[in-house]
> 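Okay, handing you the structure first.
Everything numeric here is computed off the predicted structure, so don't read it as measured data. Both counts, for ligands and for their atoms, begin at 1 and track the order of listing. For reference, positions follow the sequence shown, starting with 1.
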Amino acid sequence: MMDYHLHTSLCGHARGRMEDYVKNAIQAGLEEIGFSGHFPLFHITDRKLASNLSIPEEKFPLYVEQVLDLRKKFPSIKIRLGCEVDYIPGYEEEIKKRLQPYSFDYVMGSVHFLDGFLFDHPDYIEEWEKRDVDEVYRNYFSRLLQCIETGLFDIIAHPDLVKKFGFFPKFSLGYLYQEIARALRKNNMVAEINTSGLRKPVQEIYPSLDFLKILRKYQVPITLGSDAHSPEEVGKDLDKAKEWAKEAGYKEYASFSGRKFRLLRFPSP
Ligand SMILES: [Zn+2]
Ligand SMILES: [Zn+2]
């Protein structure tokens, strides 16, 4: 099995040595892993905040070097070089330029920022109480759609992250799910099944099963990820992610190399 969503302590809010992430992945019997370090938040002027949320720009080449070194050191497991990029409207060209120097296997796009509102950050839970939840959901999915339509990314990370703290809208999300699924298909993108929601107040995998079934209907391929921010979290709940995938009708997952993917069948239990 695979885990494509591993972080590193270089981003300021994860911990542990990258080598220990790899060792734990081997121990857990994973065949393929990918580091998806938070890409530098170059648009944030508050450098302290930026270095607590992402890998600082000057350290990014070191991150890449470390992944490539680990690949040589542990040939028994496939180690992919990825990153997780925060999509911020208006920075498309800048993101493209900054991704260019590196030989990524995949680039994840994600939405954590709705303008000034860091909706998935624990410091912003109180802000949620003040906001119109329906509007936050509409903003989130419209930003996610914009993120997909840039064509800059291969995988959309944790597609319904907005539910993290368990706030839900009054309206049905079916239409928005379809809109996202259609855009992913059109842009030949992959959706991530991310188990970290199980460790958060919502206690549910991203995306929800309803959403995943719609993604499946639109033939959007999937990857699996734990969103590990420590070595102990590597491979966490991937069996549940696989069950979720199978329940939605998936028989295959996407394996990336050089920003292209091929579909591999899930191993039989
Ligand atoms: Zn993180
Ligand atoms: Zn994320």
> Would a distance-only check, ignoring hydrogens and angles, find a side-chain to backbone donor-acceptor pair under 3.5 Å from Lys242 to Pro267?
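It does hold such a pair.
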> Using a 3.5 Å distance criterion without hydrogens, assess whether the side chain of Trp128 forms a donor-acceptor pair with backbone atoms of Phe167.
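Here the side-chain-to-backbone pair does not exist.
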> Please say whether the positively charged group of Arg80, taken as NZ for Lys or CZ for Arg, lies over the ring of Tyr106, i.e. under 6.0 angstrom from the six-membered ring centre and within 45 degrees of the axis.
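No, cation not above the ring by the 6.0 Å, 45° rule.
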> Got a donor-acceptor contact below 3.5 angstrom from the Asn187 side chain to the Met189 backbone?
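Here the side-chain-to-backbone pair does not exist.
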> Kindly give the atom name of the N, O or S atom of His158 closest to the Zn ion (ligand 2).
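For His158, the N, O or S atom at the smallest distance from the Zn ion (ligand 2) is NE2.
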> Taking only residues at least two apart or on different chains, which pairs with a member in residues 211-234 satisfy ring pair (Phe, Tyr, Trp, His ring centres under 6.0 Å)?
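Only His7-His229, His13-His229, His38-His229, Tyr177-Phe211 qualify under ring pair (Phe, Tyr, Trp, His ring centres under 6.0 Å).
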> For the Zn ion (ligand 1), how many protein N, O or S atoms lie at less than 2.8 Å?
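My tally for this metal is 3.
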> Whether the side chain of Ser54 engages the backbone of Leu41 through a donor-acceptor N/O pair (distance < 3.5 Å, no angle test) should be reported.
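Confirmed, Ser54 side chain pairs with Leu41 backbone.
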